[in-house]
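Reviewing the structure listed below.
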Amino acid sequence: MNLWKECEGLQDYIVGIRRALHQIPELGTDLPKTQAAVCAELDKLGISYKKNQGDSGLIGTIQGGKPGKTILLRADIDALPIKEDTGLPFASKHEGRMHACGHDNHAAMLLGALRVLNEHKAELAGNVKFVFQTGEEISRGAKVAIKEGVMDGVDAVFGTHIGSILDPNIPSGTLIVVPGCAMASFDRFVLTVKGTGCHGSTPEKGVDPITIAANIVLSLQEVIAREIAAPKAAVLTIGKIAGGFAYNVIPNEVVIEGTIRAFEDPVRQHLAKRIGEIGKGVAATFRGGCDFEMDWGAPPVVNDDAMAKLAGDTAKKVLGAENVITSMPAPNMAGEDFAYYLEKAPGAFMFLSSSNHEKHTDIPHHNPKFDVDEDVLYRGSAMFVGLVEEFLGC
């Protein structure tokens, strides 16, 4: 049928939606303005949906005119607590919040695909479910969507991430999809180091949690260096340390926050176990204490081999073989709660490069200056439509 060819004609429509959503970034799972904007567009298109009970997510289905399988298309819609510094005329209107990871584009690309698919629903041999998911950045939205029934009856699931997440040197417009593990697990940990505050001039009268925290930070690096086998890639990063309130006062506590990444669950579990043990052990050595909290995020993103091949073959047809990459030297260390969908049904998570050095869209994600090459947005929509056609056998 080649319905995907219609997406290029919707480029201005897709860009317009992206820019509208870019101005109203919201955080976490409560996204009332974003939800309202997506609902308004779905209403215009005459596409039915339901609002989640547990968050601001949306789930809907386009019923095909003929019986067949069901494919799920996913877009995430939450933003980040970052102050935008792009200078764009459609920059964020919400102070301290920004779509610095491309989720506004994901929603726009999915809406573009749904517009085409809905106009041709009588020709579809099967059904197209879709989800606009909240809370990806905090790894909460996918779990909520699954609880709301998004995976019920789903035979395959696909999602796309735009930007320069894999390599800023991959040309804009290139689609990357690989079989097997594509992204790492991602989890957050918190160590609250307990000491005894006192005057800085008499440290012997207290227990210094700053010194303890410094020793914990250094000791944690030895887990990666000496406890994880070299072929088992893993990351342990300390991203935040907070403690103290005056230059001459030893505080009562210091809080350490960080993240771990791994490609295999045994490695993931070992890292978590050792962080708690080292935190408590080092603290005890220096007469202090340490509380340990593990905030589990999402497991590794593992693409189904057959679905990854389907996506790669579809991309070569839709975008041209020269614009498709189907193998990478290693999975990406970033994480995605799309992993939870892949635990329920076979599917694939794809990457659409928007890295253009001349347009300065090669800036890393989660950066105040992050932007995308809008010229490739229709390609994301076309890939979704192409996948529907190939999977349903239209």
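In this text, all values refer to a predicted model and were calculated from it rather than measured experimentally.
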**Message:** I'd like to know whether Ile260 forms a side-chain contact (heavy atoms from CB on, under 4.5 Å) with Met294, so could you lay out the CA-CA distance, the side-chain angles of the two residues, the decisive distance to 0.1 Å, and finally the verdict.
**Reply:** CA-CA 10 Å; Ile260 57 173; Met294 197 69 214; 3.6 Å; yes

**Request:** Take the angle between the ring planes of His99 and His103 and call it parallel below 30°, perpendicular above 60°, tilted in between.
**Result:**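 Correct class here is tilted.
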
**Request:** Please work out which of the three classes, parallel, tilted or perpendicular, describes the rings of His365 and Phe370, given edges at 30° and 60°.
**Result:**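 Rings of Phe370 and His365: tilted, as their planes differ by 30° to 60°.
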
**Non-neighbouring partners of Val15 that pass side chain to side chain contact (heavy atoms under 4.5 Å, CB included), sequence neighbours left out** =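 Counting only residues at least two positions away or on another chain, Val15 forms a side chain to side chain contact (heavy atoms under 4.5 Å, CB included) with Gln11, Arg19, Glu374, Leu377.
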
For [X] and [Y], indicate whether the former's side chain and the latter's backbone hold a donor-acceptor pair under 3.5 Å.
X	Y	result
Glu389	Leu3	yes
Glu148	Gly54	yes
Ser381	Met109	yes
Asp373	Lys359	no
Lys129	Arg74	no

**Message:** Would you say that more than 12 heavy atoms from the other residues, nucleotides or ligands in this model lie under 6.0 Å from the CD of Gln53, or not?
**Reply:**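 No, not enclosed.
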
For residues 236-253, which side-chain N or O atoms pair as donor and acceptor with protein atoms under 3.5 Å away, sequence neighbours left out?
unit_1, atom_1, unit_2, atom_2, d
Asn252, OD1, Gly197, N, 2.7
Glu253, OE1, Lys194, NZ, 3.2

May I ask you to say whether [X] pairs ionically with [Y], meaning some side-chain N is under 4.0 Å from a carboxylate O?
X	Y	value
Asp313	Lys309	yes
Glu84	Lys369	no
Lys344	Asp304	no
Asp337	Lys143	no
Glu390	Lys317	yes
Glu26	Arg97	no
Arg115	Glu119	yes

**Request:** Applying side-chain contact (heavy atoms from CB on, under 4.5 Å), run through Phe391 and Leu310 and close with a yes or a no.
**Result:** CA-CA 8 Å; Phe391 183 75; Leu310 176 73; 4.0 Å; yes

**Request:** Answer whether the closest heavy-atom distance between the side chains of His161 and Phe338 falls below 4.5 Å.
**Result:**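 Side-chain contact under 4.5 Å: no.
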
**Message:** For Glu137, run the side-chain contact (heavy atoms from CB on, under 4.5 Å) check against Asp76, Asp78, Leu27 and tell me which one passes.
**Reply:**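 Going through the options one by one, the only one that passes is Asp78.
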
**Prompt:** Taking Leu166 as the fixed residue, which of Ile325, Ile176, Val178 is the one that meets the side-chain contact (heavy atoms from CB on, under 4.5 Å) rule?
**Reply:**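 For Leu166, the side-chain contact (heavy atoms from CB on, under 4.5 Å) check succeeds only for Ile176.
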
**Asked** Going through the checks in order, is the side-chain contact (heavy atoms from CB on, under 4.5 Å) test met by Ile228 and Val267?
**Response** CA-CA 7 Å; Ile228 304 300; Val267 175; 4.1 Å; yes

**Item:** Stepwise side-chain contact (heavy atoms from CB on, under 4.5 Å) check, Ile71 with Asp155
**Value:** CA-CA 6 Å; Ile71 183 173; Asp155 297 298; over 6 Å; no

